[in-house]
Amino acid sequence: MIILIGVLALWNWRKSSIIIKARNLELDDLAFSRIAVTHADDGLLLMDMSGVIQWVNPAYCRLMGREAHEMVGRHPQSFALLPDETPTAEVLKNFAFDVTALQNAGLENIRNQRKDGTVFWNQISTSFHTTASGKQYAVSVCRNVTRSIEREKQLEATSRELAHSASHDTLTGAANRAALATYLNGALLQAKTQNSFVGVLHIDLDKFKRVNDSFGHSAGDAVLVAVARRINGAIRGSDMIARVGGDEFVVVFQGLQQLSDLAAVGASLLRAVNGPVSWGGNTLDCQISIGAALSGDGGQDADTLLLQSDFALYDVKRTGPGGLATYDKALHARFIRETALAADLRLAIQNTSLTFHFQPIIDVKSSKICCVETLARWDHPTDGLVKPDVFVPLASDLGLLPRIDRQAADAAMQLKKQLDHMGFAETKVSFNASTDSLLDPDFAGDIVASLNQYELRARDLIVEARETADFSIGNMNDAMSKAIRELNELGIGTILDDFGRGHAGLMHLAKLRIKGVKLDGRLTRHILSDPVIEKVYGTTIALCRDLGLSVTTEGIETPEQAERLEALGSHTLQGCWIAPAMPQDELIAWLNTGTDCPRVAPSLSRGEITA
């Protein structure tokens, strides 16, 4: 019994303690709430349902830069919003909270201003509470999120810049190849649904390299920027301009109906873009050529459309720069033909099916054949002999000229071995080297390796570099000039072919380490009828003689031409009057018999021409 009374007493004591602690805890909660509201970093404001402030905490005063008495009794919109966003007094008078809308709104970022006018981003969330008496209030929690938003905007701007850099050319601001492909594919798909066509203009700057070489790359950049700006100013916002190469642009147009529409747009671009560009007190040339192609019925793929516009551009360049060519039925027929021809040429080069003819060059002073030039020929299996002026440019477009050059060098060395066995040890052989070959850092080494393989001397070989390869003043230290110097240092003579038809020929004589020149045969035909050409030839020959350079004149077709050139001082001649280009077996027979030696002009009467 005593124990039971003791347990009951203990239970009553613990019950009293629990009640007292509960009461104390309730008082502590109220105190804690006051502390939290007073010292919270977030601004708090209590409003009635018409939006009028009933109470604010200190953090909201700091956030707005105002005292509590300046805000209580007012709508926050009347002082917190920017002047051009502040509602009228009439609107505020009729304001009422939309409970349903705000309950689903979540956080809202609003630009606010403080009393001193500084602007910040205020993140606001609003909830609604009803008292025991049934009166409803709105409670808003406010936070300054300016730093977060600015950081987010900076990240977004950086992301946009990175995305733009990944899809656009940094110099001109035009789209790049990747962006062009995406846009063009989308445009072709859209054209199918809209019963319209997509047009492509392939634009190339004429003589752009001369601007770079004469004034420097900064001048070239100025021209590129000017062209892009002029194109952008002449096209619609929905059209795209892309830079696809050093001096090439592509413009894509949507919603066209026929090829003539595209041709008209191209003509307007010619007018808009062509014209001088001012840079650094200089006037720079700016002229473009355009190839135009229109998608066909049902649309073709982007690669084909770009290829067609490029072929049209090539047609402009072939006939003369500065114009516009459209990819029409006639051009399509030629495109199909040349595409097939390109495939056949690639196969012929791969299978070493090209043949080589050889044309002698005579020294009229010694009456001997001093050199034999190696010339590539292509006997097509169905079309017969294809002219070099057809397949050589085609090989250049395909990037196959270096392989032809290597095969020509090999054919020349094979001939030289046979000439040596026949007793013509002092007769040299030559072959043409393209720009692509001269740009190859391994070119000279490969030629020396071939000479060693055939057990030939370096002086047995002459490399003919086309003067039209553009060894312009600004490029004197580039790879091509270095290749010429390297060949000469190895003992392999180099001469400039087609001299007088390329770029800044006289400067080449002064700057390049060449051993001689070959005067262009296209001028030789007029040597007897045009005093100016005769004067140019005479002056050039005299200059070369003073510089210690050999001079060969090609294109000799008559004894009168040979006589005139000998009188001018050109003693090394090449042309059909002497002998045409022949296959190796015919050349050997010609050398052995001498029956087809040229008819000797009076001034060449020092005797029979011999090996």
Side-chain angles (χ1 to χ4, degrees), residues 172 174-206 227-245 247-275 286-342 397:
T172 64
N176 60 18
R177 283 185 176 273
L180 171 66
T182 301
Y183 179 87
L184 185 52
N185 283 318
L188 289 169
L189 288 174
Q190 189 173 354
K192 291 181 181 180
T193 63
Q194 295 180 346
N195 195 29
S196 62
F197 301 102
V198 176
V200 168
L201 296 181
H202 201 133
I203 300 172
D204 180 75
L205 274 67
D206 302 325
V227 168
R229 185 175 62 249
R230 291 173 183 179
I231 292 174
N232 266 318
I235 63 178
R236 302 168 300 183
S238 58
D239 303 324
M240 169 178 273
I241 172 178
R243 185 182 176 197
V244 296
D247 60 346
E248 293 184 45
F249 295 87
V250 167
V251 186
V252 182
F253 301 89
Q254 298 189 59
L256 302 180
Q257 297 301 320
Q258 52 194 358
L259 187 58
S260 60
D261 295 339
L262 183 61
V265 173
S268 67
L269 273 186
L270 283 175
R271 293 190 296 269
V273 175
N274 286 344
C286 181
Q287 177 182 282
I288 61 173
S289 297
I290 302 178
L294 190 72
S295 62
D297 294 333
Q300 63 253 48
D301 63 90
D303 289 340
T304 300
L305 189 57
L306 289 170
L307 193 61
Q308 290 175 349
S309 64
D310 187 50
F311 188 80
L313 175 62
Y314 176 74
D315 188 65
V316 176
K317 293 290 192 178
R318 180 161 43 187
T319 56
L324 168 72
T326 56
Y327 188 86
D328 53 17
K329 291 181 179 179
L331 207 56
H332 178 69
R334 205 169 81 215
F335 173 73
I336 297 299
R337 158 71 180 152
E338 293 193 10
T339 301
L341 199 64
D397 291 340

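Everything numeric in this text was worked out from a predicted model, so none of it was measured. These numbers come from the heavy atoms of this one structure, side chains and all, not from hydrogens, waters or symmetry mates.
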N/O donor-acceptor pair under 3.5 Å between [X] side chain and [Y] backbone:
X: Asn274; Y: Ile288; result: yes
X: Arg230; Y: Gly275; result: yes
X: Ser289; Y: Gly322; result: yes
X: Asn185; Y: Ala181; result: yes
X: Arg337; Y: Thr339; result: no

Evaluate the criterion salt bridge (charged side-chain N to carboxylate O under 4.0 Å, His left out) for residue pair Lys317 and Glu248; output intermediate values, then yes/no.
-> CA-CA 13 Å; Lys317 293 290 192 178; Glu248 293 184 45; over 6 Å; no
How about [X] and [Y]: do any of their side-chain heavy atoms sit closer than 4.5 Å?
X: Gln258; Y: Asp261; value: yes
X: His332; Y: Phe311; value: no
X: Leu184; Y: Leu306; value: yes
X: Val198; Y: Val252; value: yes
X: Leu201; Y: Phe249; value: no
X: Gln254; Y: Tyr183; value: yes
X: Gln308; Y: Thr304; value: yes
X: Ser309; Y: Val250; value: no

For the student: nearest non-hydrogen atoms of [X] and [Y], plus distance:
X: Leu331; Y: Tyr327; value: CD2-CA, 3.7 Å
X: Leu324; Y: Ala292; value: CD1-CB, 4.2 Å
X: Cys286; Y: Val273; value: SG-O, 3.8 Å
X: Ala242; Y: Leu180; value: CB-CB, 3.8 Å
X: Gln190; Y: Thr193; value: O-OG1, 2.8 Å

How many angstroms lie between [atom1] in [X] and [atom2] in [Y], if you round to the nearest 0.5 Å?
X: Phe197; Y: Leu188; atom1: CZ; atom2: CG; answer: 11.5 Å
X: Thr172; Y: Arg229; atom1: OG1; atom2: CZ; answer: 11.5 Å
X: His202; Y: Leu305; atom1: NE2; atom2: CG; answer: 11.5 Å
X: Leu189; Y: Gln194; atom1: CG; atom2: CD; answer: 11.0 Å
X: Ile231; Y: Met240; atom1: CD1; atom2: CE; answer: 13.5 Å
X: Leu307; Y: Tyr314; atom1: CG; atom2: OH; answer: 13.0 Å

Can you spot which of Ile203, Asp204, Thr326 makes a side chain to side chain contact (heavy atoms under 4.5 Å, CB included) with Ile290?
-> Ile203
